[in-house]
Peer 1: 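This structure is in structure tokens; I'll ask about it shortly.
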Amino acid sequence: MKISEAIFSGSSTSVSNKPKRRLPEFAFIGRSNVGKSSLINMLCNNRKLAMTSSTPGKTRLVNHFKINDNWYLVDLPGYGYAKMSFDGRKKLASIIKDYLSNSEELVLLFVLVDSRHDLGTLDLDFINELGENKIPFAIIFTKGDKLGSEVLKAQIERNKEILSRTWDVLPEIFTSSSTTRTGKEEILDYIDKIISSLNHTD
Ligand code: GTP
Ligand code: MG
């Protein structure tokens with residue numbers, strides 16, 4: 001799939017005030033600073049679409065972007081901001097929970113994880129909760145350019161091993177880099193494939 005049009009369609013703090021149009025939604029989430037906004041901009045060929053920053057905690061709302069007038073890309077706030085107040089984190093957690101539990105249009109959630117590190121408790125707890133709530137997800141290991149290809153491969157294998165301790169069947173896994181544009185085709189083709197399968201069951 002090629003993205004020919006990406007239009008910001010609104011920010012919301014609750015499913016009740018997200019854009020009214022019903023289109024399949026593909027959402028992106030991850031710990032703060034994992035490279036979520038950079039990835040979204042890379043996928044959409046637009047460096048300014050989602051706000052990026054080296055200061056964690058930039059995205060505090062649910063942002064909808066209408067893609068090719070056919071589906072919504074949804075930028076969710078990050079989870080687990082170390083530097084945020086307890087109340088601030090609680091508020092974000094409730095915004096995320098509301099979207100994940102109540103958005104009927106959500107088709108798949110991409111969970112972004114920094115490829116340089118082992119999956120931590122925060123990520124694993126979040127992923128396991130998705131399983132409990134039967135929310136379909138895939139994992140994207142971000143910032144792949146920061147490691148050499150052999151080290152990157154080994155680190156991803158390690159993370160697969162960590163996941164297989166709790167999951168019998170591993171989710172779909174992608175590696176990305178917003179700098180080298182790695183992963184773009186694979187992620188967009190995967191979304192395209194899912195959208196086509198939805199249209200066939202209508
Ligand atoms: P919050 O919205 O603040 O939670 O962060 P985010 O997950 O949206 O991260 P963002 O895209 O703003 O990127 C955070 C920092 O990582 C920025 O300084 C980016 O330039 C850098 N970064 C993001 N993706 C990549 C990547 O693929 N490679 C490299 N080398 N740096 C990246
Ligand atoms: Mg962001």
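Count residues from 1 along the sequence.
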Peer 1: Write down the atom of Pro19, the atom of Tyr72, and the distance for their closest heavy-atom approach.
Peer 2: CB-OH, 3.5 Å
Peer 1: Which atom names give the shortest non-hydrogen contact between Ser11 and Leu61, and what distance separates them?
Peer 2: CB-CD1, 3.6 Å
Peer 1: Check for a donor-acceptor pair, side chain of Ser94 on one end and backbone N or O of Lys91 on the other, with a separation under 3.5 Å.
Peer 2: yes
Peer 1: Please round to the nearest 0.5 Å and tell me the distance separating atom CZ of Phe26 and atom CG of Leu108.
Peer 2: 6.0 Å
Peer 1: Please give me the minimum heavy-atom distance between Leu109 and Phe28, naming the atom from each residue.
Peer 2: CD1-N, 4.3 Å
Peer 1: Examine the side chains of Lys143 and Asn33 and answer whether a donor and an acceptor come within less than 3.5 Å of each other.
Peer 2: no
Peer 1: Check the surroundings of atom NZ in Lys2: do more than 12 heavy atoms from other residues, nucleotides or ligands lie under 6.0 Å from it?
Peer 2: no
Peer 1: Output the distance between atom OG1 (Thr166) and atom CD1 (Ile127), rounded to the nearest 0.5 Å.
Peer 2: 8.0 Å
Peer 1: Any donor and acceptor pair, going by atom type alone, linking the side chain of Asn68 with main-chain N or O of Ser4 inside 3.5 Å?
Peer 2: yes
Peer 1: Determine yes or no for a side-chain-to-main-chain donor-acceptor pair under 3.5 angstrom, with Ser101 supplying the side chain and Lys97 the backbone.
Peer 2: yes
Peer 1: Check whether Asn46 reaches the backbone of Asn41 with its side chain - one donor and one acceptor, N or O, closer than 3.5 Å.
Peer 2: no
Peer 1: Measuring from Ile195:CD1 to Asn70:CG, what's the distance to the nearest 0.5 Å?
Peer 2: 5.0 Å
Peer 1: Measure the OG1-CG distance between Thr179 and Asp145 for me, rounded to the nearest 0.5 Å.
Peer 2: 4.0 Å
Peer 1: Would you please classify the geometry between the Phe110 ring and the Tyr190 ring as parallel, tilted or perpendicular, with 30° and 60° separating the classes?
Peer 2: perpendicular
Peer 1: Give a yes or no on whether the backbone of Val34 and the side-chain of Thr142 come within a donor-acceptor separation of less than 3.5 Å.
Peer 2: yes
Peer 1: Which atom pair, heavy atoms only, marks the closest approach of Glu25 to Val74?
Peer 2: OE1-CG2, 3.7 Å
Peer 1: Which atom names give the shortest non-hydrogen contact between Ile67 and Cys44, and what distance separates them?
Peer 2: CD1-SG, 3.8 Å
Peer 1: Is the backbone of His117 close enough, under 3.5 Å, to the side chain of Asn159 for a donor and an acceptor to pair up by distance?
Peer 2: yes
Peer 1: Test side chain to side chain donor-acceptor pair (under 3.5 Å) on Asn45 and Lys184; report intermediate values, then the result.
Peer 2: CA-CA 10 Å; Asn45 306 314; Lys184 184 177 176 181; 2.3 Å; yes
Peer 1: Let me see the working for Leu73 and Asn63 under side-chain contact (heavy atoms from CB on, under 4.5 Å), right down to the final yes or no.
Peer 2: CA-CA 8 Å; Leu73 184 158; Asn63 295 310; over 6 Å; no
Peer 1: Could you state the interatomic distance from CD (Gln155) to OG1 (Thr175), rounded to the nearest 0.5 Å?
Peer 2: 11.0 Å
Peer 1: Could you check Leu23 against Glu105 for side-chain contact (heavy atoms from CB on, under 4.5 Å), going step by step and ending with a plain yes or no?
Peer 2: CA-CA 6 Å; Leu23 290 173; Glu105 286 74 27; over 6 Å; no
Peer 1: Between Ser9 and Ile7, is there a donor-acceptor pair closer than 3.5 Å when you use the side chain of the first and the backbone of the second?
Peer 2: yes
Peer 1: Distance check, rounded to the nearest 0.5 Å: Asp75 atom CG versus His64 atom NE2?
Peer 2: 10.5 Å
Peer 1: How close do Leu188 and Leu43 get, counting heavy atoms only, and between which atoms?
Peer 2: CD1-O, 3.9 Å
Peer 1: Identify whether the distance between the nearest side-chain nitrogen and carboxylate oxygen of Arg31 and Asp114 falls below 4.0 Å.
Peer 2: no
Peer 1: Evaluate the side-chain contact (heavy atoms from CB on, under 4.5 Å) criterion for residues Ile139 and Leu170: first the C-alpha distance (whole Å), next the side-chain angles of each, then the deciding distance (0.1 Å), finally the verdict.
Peer 2: CA-CA 10 Å; Ile139 296 180; Leu170 292 186; over 6 Å; no
Peer 1: Within the distance-only criterion (no hydrogens, no angle test), does the side chain of Asp98 pair as donor or acceptor with the backbone N or O of Val15 below 3.5 angstrom?
Peer 2: yes
Peer 1: Give the cluster check for Leu122 versus Phe141: same hydrophobic cluster or not, with ILVMFWY residues linked at side-chain heavy-atom distances below 4.5 Å.
Peer 2: yes
Peer 1: Please tell me if the side chains of Leu124 and Leu163 come closer than 4.5 Å, counting only heavy atoms from C-beta onward.
Peer 2: yes
Peer 1: Hey, is Glu157 close enough to Lys160 for a salt bridge, meaning N to O under 4.0 Å?
Peer 2: yes
Peer 1: With a cut-off of 6.0 Å (strictly less than), are more than 12 heavy atoms of other residues, nucleotides or ligands near CD of Glu161?
Peer 2: yes
Peer 1: Given side chains that start at C-beta, do those of Pro136 and Val107 come closer than 4.5 Å, heavy atoms only?
Peer 2: no
